[in-house]
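The structure appears right after this line, and notes come after that.
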Amino acid sequence: MTWATTLAKADGGAPPFVRAVLESGTSPKLLTLVMIDDGKRVLLGHKKRGFGMGYYNGFGGKVEPGETIRQAAERELQEEACIEAVDLREAGVLVFAFDDQPVAWEVHVFAASSFRGEPAETDEMRPVWFNHEDVPFEQMWADDQFWYPLLLRRAYFRGVFAFTQTTQLLWHSLTERDPGDEGCP
Ligand SMILES: Nc1ncnc2c1[nH]c(=O)n2[C@H]1C[C@H](O)[C@@H](COP(=O)(O)OP(=O)(O)OP(=O)(O)O)O1
């Protein structure tokens, strides 16, 4: 996570626990997040259970052993929204560090503008379309308001976010990067 460590030193520097977790040598927990954006509206799911319950979010979850990150994104989209993305693309990567967890979370964000199937409510998510100007950030993770503008204008992004008490955002650093560019921000 070279780029994340570099970002953690930017913008005045992250809280010490962020640098500690990034430099610990422990592999991050891998997760996915799929955003469906038709150009005017985004499809969000109202999370009905588990981590982030009550928030609107894209569709995703943990990468399971034996699957690629992309396969995990496709599986979670099917499991949570009952749809299959047609033009799934890598949109960005978000790293979350928590002051009470020894491992960082690395969330790989994908986006698609078209899909097969009809979004349907599942045990985990209730899908709802929002116009771009009506995205309900006050009912979403605190980091979302920062990277959504990049997502919506199709800029590839990378960000590091520091949380306390699970949901309170303490600090962040965000940059636009080309996929595969491992150089300094
Ligand atoms: N801060 C923040 N912003 C935006 N999105 C997220 C976060 N934190 C997050 O965890 N997420 C995303 C990443 C994932 O898409 C989900 C969380 O996945 P989760 O539901 O815990 O994973 P599953 O594998 O589906 O879990 P089970 O319910 O099956 O145990 O939120």
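Values reported hereafter were calculated over all heavy atoms of this structure, with side chains retained and with hydrogens, waters and symmetry mates removed.
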Taking all atoms of both residues into account, what is the closest heavy-atom pair of A112 and D87, and its distance? CB-OD1, 3.3 Å
Apply the test side-chain contact (heavy atoms from CB on, under 4.5 Å) to residues I83 and Q78: give CA-CA distance (whole Å), side-chain angles for both, the deciding distance (0.1 Å), then the verdict. CA-CA 5 Å; I83 56 175; Q78 181 67 49; 5.8 Å; no
Considering all heavy atoms of both residues, which atom of A8 and which atom of L22 are nearest to each other, and what is their separation? CB-CD1, 3.8 Å
Treating Ile, Leu, Val, Met, Phe, Trp and Tyr as nodes and any side-chain heavy-atom pair under 4.5 angstrom as an edge, say whether V109 and I36 lie in one connected cluster. no
What one should report as the nearest heavy-atom pair of V95 and A104 is CG1-CB, 4.1 Å
Below 4.5 Å, heavy atoms only, C-beta onward: do E176 and L150 meet side chain to side chain? yes
Can you tell if the side chain of M140 reaches within under 4.5 Å of the side chain of P136, non-hydrogen atoms only? yes
How long is the straight-line distance from OG of S113 back to CZ of R89, given to the nearest 0.5 Å? 8.0 Å
Linked, directly or transitively: L31 and L151 (ILVMFWY side chains, under 4.5 Å): yes
Please report the shortest heavy-atom distance between V93 and E106, naming the atom on each side. CG1-CG, 3.7 Å
Determine whether more than 12 heavy atoms belonging to other residues, nucleotides or ligands lie under 6.0 Å from atom CZ of R154. no
Taking only residues at least two apart or on different chains, which pairs with a member in residues 160-174 satisfy salt bridge (charged side-chain N to carboxylate O under 4.0 Å, His left out)? none
Is it true that a side-chain atom of W147 and a backbone atom of R158 form a donor plus acceptor pair closer than 3.5 Å? no
Going by ring pair (Phe, Tyr, Trp, His ring centres under 6.0 Å), name the pairs with one or both residues in residues 14-49, residues two or more places apart or in two chains. H46-Y56
Would you say the side chain of V18 lies within less than 4.5 Å of the side chain of V160, judging by non-hydrogen atoms? yes
Any side-chain heavy atom of L43 sitting closer than 4.5 Å to one from P119? yes
Find the distance between CD (E138) and CG (D144) and round it off to the nearest 0.5 Å. 11.5 Å
Do L30 and M35 sit in the same hydrophobic cluster, where Ile, Leu, Val, Met, Phe, Trp and Tyr count as joined when their side-chain heavy atoms come under 4.5 Å apart? no
Are L94 and W3 in one and the same hydrophobic cluster, where Ile, Leu, Val, Met, Phe, Trp and Tyr link if side-chain heavy atoms are under 4.5 Å apart? no
Please lay out, stage by stage, how T164 and D99 fare under the test side-chain hydrogen bond (donor to acceptor under 3.5 Å, both in side chains). CA-CA 5 Å; T164 185; D99 60 354; 2.5 Å; yes
With a 4.5 Å limit on heavy-atom distance, are the side chains of L77 and E80 in contact? no
Would you indicate whether the side-chain heavy atoms of F161 and L169 approach each other to under 4.5 Å? yes
Joint hydrophobic cluster, V34 plus W105, side-chain heavy atoms closer than 4.5 Å: no
Considering all heavy atoms, the nearest T122-C82 contact: CG2-SG, 3.5 Å
Output for pair (Y156 OH, E90 CD), nearest 0.5 Å, gives 5.5 Å
Begin with the C-alpha distance, continue with both residues' side-chain angles, and end with the deciding distance and a verdict on side-chain contact (heavy atoms from CB on, under 4.5 Å) for K29 and Q101. CA-CA 11 Å; K29 178 170 151 180; Q101 289 194 34; 5.6 Å; no
Non-hydrogen side-chain atoms of Y148 and F137 separated by less than 4.5 Å: yes
Return all side-chain donor-acceptor pairs below 3.5 angstrom for residues 59-72, not counting sequence neighbours, or 'none' if the list is empty.
{"from": "E67", "atom 1": "OE1", "to": "R75", "atom 2": "NE", "distance (Å)": "3.0"}
{"from": "E67", "atom 1": "OE2", "to": "E64", "atom 2": "N", "distance (Å)": "2.8"}
{"from": "E67", "atom 1": "OE2", "to": "R75", "atom 2": "NE", "distance (Å)": "3.3"}
{"from": "E67", "atom 1": "OE2", "to": "R75", "atom 2": "NH2", "distance (Å)": "2.7"}
{"from": "T68", "atom 1": "OG1", "to": "Q71", "atom 2": "N", "distance (Å)": "3.0"}
{"from": "T68", "atom 1": "OG1", "to": "Q71", "atom 2": "OE1", "distance (Å)": "3.4"}
{"from": "R70", "atom 1": "NH2", "to": "L88", "atom 2": "O", "distance (Å)": "2.7"}
{"from": "Q71", "atom 1": "OE1", "to": "T68", "atom 2": "N", "distance (Å)": "2.8"}

Using the ring-ring contact (aromatic ring centres under 6.0 Å, His included) criterion, which residues pair with W141? Sequence neighbours excluded. F51, Y55, F163
For residues 123-133, please give each side-chain donor-acceptor pair under 3.5 Å, one per line with the distance, not counting sequence neighbours.
{"from": "E124", "atom 1": "OE1", "to": "R49", "atom 2": "NH2", "distance (Å)": "3.2"}
{"from": "H132", "atom 1": "NE2", "to": "D37", "atom 2": "OD1", "distance (Å)": "2.7"}

Could you tell me whether the side chain of K47 reaches within less than 4.5 Å of the side chain of N57, counting heavy atoms only? no
By side chain to side chain contact (heavy atoms under 4.5 Å, CB included), which residues pair with S24, not counting sequence neighbours? T26
Minimum-distance pair of heavy atoms, taken over all atoms of T166 and F98: O-CE2, 3.5 Å
